[in-house]
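Report on the following structure.
These numbers come from the heavy atoms of this one structure, side chains and all, not from hydrogens, waters or symmetry mates. In what follows, chains are A, B, ... by sequence order, proteins preceding strands, each numbered from 1. What you see is a predicted model; the values in this text were computed from it and never measured.
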4 protein chains.
Amino acid sequence: MNDQQWLKELLKVNDEEVKLSDKQAKILEAAIEMFAEKGYAATSTSEIAKRAGVAEGTIFRHYKTKKDLLLAIVTPTVTKVVAPFLAKEFVKEVFENQYKSYEDFIRALMKNRYEFVKKHLPLIRIFWQELAFHSDIKEQFQAVFIENVYEKFKRIIEYFQTKGEIVELPPTTVIRMTVTTIAGFLLTRFIILPDQEWDDESEMERTIQFLMHGLTRK
Amino acid sequence: MNDQQWLKELLKVNDEEVKLSDKQAKILEAAIEMFAEKGYAATSTSEIAKRAGVAEGTIFRHYKTKKDLLLAIVTPTVTKVVAPFLAKEFVKEVFENQYKSYEDFIRALMKNRYEFVKKHLPLIRIFWQELAFHSDIKEQFQAVFIENVYEKFKRIIEYFQTKGEIVELPPTTVIRMTVTTIAGFLLTRFIILPDQEWDDESEMERTIQFLMHGLTRK
Amino acid sequence: MNDQQWLKELLKVNDEEVKLSDKQAKILEAAIEMFAEKGYAATSTSEIAKRAGVAEGTIFRHYKTKKDLLLAIVTPTVTKVVAPFLAKEFVKEVFENQYKSYEDFIRALMKNRYEFVKKHLPLIRIFWQELAFHSDIKEQFQAVFIENVYEKFKRIIEYFQTKGEIVELPPTTVIRMTVTTIAGFLLTRFIILPDQEWDDESEMERTIQFLMHGLTRK
Amino acid sequence: MNDQQWLKELLKVNDEEVKLSDKQAKILEAAIEMFAEKGYAATSTSEIAKRAGVAEGTIFRHYKTKKDLLLAIVTPTVTKVVAPFLAKEFVKEVFENQYKSYEDFIRALMKNRYEFVKKHLPLIRIFWQELAFHSDIKEQFQAVFIENVYEKFKRIIEYFQTKGEIVELPPTTVIRMTVTTIAGFLLTRFIILPDQEWDDESEMERTIQFLMHGLTRK
DNA sequence: CATGAATGAGGCTTCATTCAT
DNA sequence: TATGAATGAAGCCTCATTCAT
């Protein structure tokens with residue numbers, strides 16, 4: 001009945017406690033599942049109601065429109081997708097040299113994202129799909145990314161460039177390559193070929209090595 | 001009546017001439033635009049008809065269902081996405097030393113795909129989006145990939161591994177990294193951040209260098 | 001809200017109370033009228049909605065498809081058409097000498113069916129017309145007939161054959177002649193020539209006499 | 001290719017030769033089959049065109065509307081159904097006492113109708129069904145019946161009533177009983193239970209006996 | 001005379017949303 | 001607060017009919 005801790009956790013944006021009635025949680029869960037399976041536009045509110053075990057009207061009591069329901073799902077996700085960079089400890093650790101190398105940073109980042117995607121695959125699917133069509137979501141994401149991630153990421157990179165560990169490419173390029181490589185692995189792993197056999201540990205390590213070699217000039 | 005050469009070209013699958021009436025071409029063009037803009041599910045056939053300048057019924061004279069219209073667009077795209085590997089010369093050139101190195105091969109591949117994506121961006125968007133929801137499209141793609149790309153790609157990789165140019169990782173992994181890196185660049189360039197300023201030549205060269213360093217152990 | 005007792009009565013199949021919202025009753029009434037007038041295929045759901053005074057969507061909230069609406073009307077009719085044989089008393093009465101003769105039985109049967117057809121003419125029209133095109137309805141009818149009518153009717157006939165009242169033809173033939181004669185009268189009376197002047201009492205009595213003479217060899 | 005003699009025969013109304021192009025005949029044949037199978041309203045002109053092997057437009061070159069096509073089928077049928085009464089020889093025979101008895105007349109009538117229905121079952125189905133919905137067809141039929149059949153039938157009956165062979169009921173009633181009995185047999189035989197095993201000869205003879213006993217008071 | 005592409009009205013059905021209970 | 005019947009706009013698709021070829 002209150003197994004929806006993960007949902008509350010996820011919807012929490014600034015450590016504010018989220019109030020989520022039982023029905024509300026069921027609606028969100030159902031909507032997440034269905035949007036991920038069939039896409040936002042192809043999912044009907046009545047299907048969501050049925051899967052959530054509530055009346056059709058109940059959905060609209062909590063979310064004024066279907067689009068609002070989507071935003072209620074996607075907006076916290078926007079934040080969470082970039083969360084590791086927001087988490088104060090995380091960034092601080094890097095700058096306080098708890099990570100001795102860019103490689104260690106990358107490794108931590110990848111593991112973190114791996115766990116997140118694994119746990120919240122449906123959310124990722126929704127997020128990715130709807131990003132393409134709803135410019136409001138896209139703008140929101142870009143704003144959050146630039147404001148909270150870009151600058152910090154850039155500083156991390158410059159830090160390790162100064163230390164000579166990684167190559168002197170424009171930070172934007174390094175970010176793109178890093179993100180692209182990690183995201184490329186995760187997409188292949190969880191969305192494009194999820195049914196293939198995967199030795200996750202090795203494949204992640206190989207990916208890290210690939211990335212590091214790519215970013216190093218010895 | 002005239003300008004739809006590119007469409008005919010695109011729809012051609014086995015070098016068979018494609019017959020495309022004027023109206024049919026207009027319908028396809030309109031559908032491609034709208035599916036790319038709003039997604040398949042969110043686009044109505046009446047909108048397509050309006051944009052194509054035909055009666056709604058006309059769409060259904062040419063395509064039995066809306067889904068058929070999607071497939072008429074996506075099916076040839078599936079092949080074209082993967083096209084360079086379908087062209088015998090492309091692969092032959094690699095082995096007959098037209099490409100002295102994996103790097104040259106990658107460079108050719110990237111330029112080729114860059115041009116393709118640039119030219120057919122809407123198609124790529126549709127393809128990528130709908131892949132997620134239509135298992136028939138996904139299966140089609142996997143089939144084409146395995147049948148026409150995988151083996152050839154693998155041989156190319158093994159060839160350059162034998163020559164010692166690239167690292168001895170499992171070919172599947174090398175393929176993933178190569179594809180991921182190229183696709184990552186193209187997606188960022190054309191879909192995620194198309195509005196940013198791009199120095200395409202340099203960024204592609206950087207990407208190739210990144211990829212090659214990642215795949216080399218000197 | 002009030003007058004639809006006959007409808008509820010009609011839809012009742014196993015003496016279970018039928019719940020019929022106001023709108024639902026109006027939809028059924030309208031559908032019965034229109035199907036009877038123009039036939040199922042030639043009647044549009046929008047016409048039905050208009051005549052019922054509801055929104056077209058409301059029809060589909062109650063009946064998933066137009067065909068379901070037809071079946072909701074025809075299925076109970078199938079049973080009712082054959083009803084007197086379903087009532088235990090009716091058959092029992094025959095054997096317990098409430099009916100001294102086949103003639104009395106026929107007379108009771110005819111009056112009963114006369115009243116039914118008179119009251120439910122539109123239903124009869126629908127039933128008879130659609131029987132021809134929907135094999136599911138036809139099968140339903142045959143099943144009900146064989147299961148609930150045939151055996152009982154046969155026993156009644158054999159009973160009066162034993163008593164020497166009616167001729168020793170195969171019961172199937174006697175059934176056919178009886179049913180055909182009664183139905184022939186009712187169809188002519190109510191469907192083929194309803195506008196002619198009819199002295200129902202006399203004509204029914206004549207028909208009974210005709211039937212009895214036909215089935216008697218004195 | 002010109003096996004459509006039966007069609008031409010059927011469409012002939014007053015011994016005028018009917019001109020029927022190849023395509024026209026195919027259209028009529030196809031329409032008859034489909035109207036009989038699915039009903040007029042549920043059959044589309046494109047289906048008819050397909051089954052006839054002609055273009056959709058061709059139908060409308062020969063018949064201005066779909067309804068006209070139906071009438072082209074039904075109108076001659078209207079005549080043919082009552083044809084035996086129209087055929088001069090047939091009636092003349094009766095009045096010139098080639099038929100010694102009403103029974104012989106009935107027997108000839110029944111055999112004639114049996115052959116006709118057997119041969120033209122689809123037409124009968126169409127005719128019967130559409131009679132119910134198209135008042136123009138119904139009126140046409142009633143007019144033809146009253147003008148050509150009723151009077152003659154009545155005179156035949158009165159003739160045999162005078163001779164004392166059949167009972168002194170109102171001719172209308174005798175006609176109804178005769179027609180009803182014959183039609184009842186044919187409907188049961190060919191439409192309601194066509195799949196049952198039938199010994200046609202015996203069953204027809206039984207029916208005639210039934211009818212004659214019903215109409216006789218000895 | 002025949003064709004079949006094109007039409008647009010209209011068919012059945014689904015949908016997001018409202019509102020009385 | 002929750003319900004679910006009701007709505008009517010809109011969705012996909014079919015149809016009879018027209019007309020240029």
Is the backbone of A/Asp136 close enough, under 3.5 Å, to the side chain of A/Glu139 for a donor and an acceptor to pair up by distance? no
Rounding to a whole Å, what distance do you find between B/Leu69:CG and F/dG11:P? 15 Å
Could you report the tightest heavy-atom contact between C/Leu71 and C/Pro76, atom names first, then the distance? O-CD, 3.9 Å
Once you round it to whole Å, what is the distance between P of E/dT17 and CD1 of A/Ile27? 14 Å
N/O (side chain, D/His62) to phosphate O (OP1/OP2, E/dC1) under 4.0 Å: no
Answer for the Watson-Crick or wobble partner of F/dA20, both distances under 3.5 Å, is E/dT3
Would you confirm whether B/Glu47, through its side chain, and B/Ser44, through its main-chain N or O, come within 3.5 Å as a donor-acceptor pair? yes
How long is the line joining CG of A/Asp68 and P of E/dT18, in whole Å? 11 Å
Using modelled atom types and a 3.5 Å cut-off, is there a donor and acceptor pairing between side-chain atoms of D/Lys66 and backbone atoms of D/Thr43? yes
Measure from the ring center of B/Tyr40 to the ring center of B/His134 and say whether it is less than 6.0 Å. yes
Specify the residues of residues 33-45 of chain C, ordered by number, for which at least one heavy atom lies under 4.0 angstrom from an atom of DNA chain E. C/Thr43, C/Ser44, C/Thr45
Lys NZ or Arg CZ of D/Lys38 over C/Phe133 ring: under 6.0 Å, within 45°: no
Provide, to the nearest angstrom, the distance between the OH atom belonging to A/Tyr63 and the P atom belonging to F/dT1. 13 Å
In a table with atom names and distances, give each donor-acceptor pair under 3.5 Å that connects a side chain of residues 49-56 of chain D to protein atoms at least two apart or in another chain.
{"residue": "D/Arg51", "atom": "NH1", "partner": "D/Glu33", "partner atom": "OE1", "Å": "2.4"}
{"residue": "D/Arg51", "atom": "NH2", "partner": "D/Glu37", "partner atom": "OE2", "Å": "3.4"}

Would you say a side-chain N or O of C/Lys23 is under 4.0 Å from OP1 or OP2 of F/dT7? yes
Between C/Ile126 and C/Phe35, which heavy-atom pair has the shortest distance, and what is it? CD1-CB, 3.5 Å
At under 4.0 Å, does any side-chain N or O of A/Lys67 touch on OP1 or OP2 of E/dA16? no
Across all strands, who's sitting opposite F/dC12 as a Watson-Crick or G-U wobble pair, both distances under 3.5 Å? E/dG11
Do you know which two heavy atoms are closest between B/Ile59 and B/Ile27, and how far apart they sit? CA-CD1, 3.9 Å
Looking at DNA chain F, which of residues 47-60 of chain B put a heavy atom within less than 4.0 Å of it? B/Glu56, B/Gly57, B/Phe60
Between E/dT14 atom P and A/Lys66 atom NZ, what is the distance in whole Å? 15 Å
B/Arg61 side-chain N/O to E/dA5 phosphate OP1/OP2 under 4.0 Å: yes
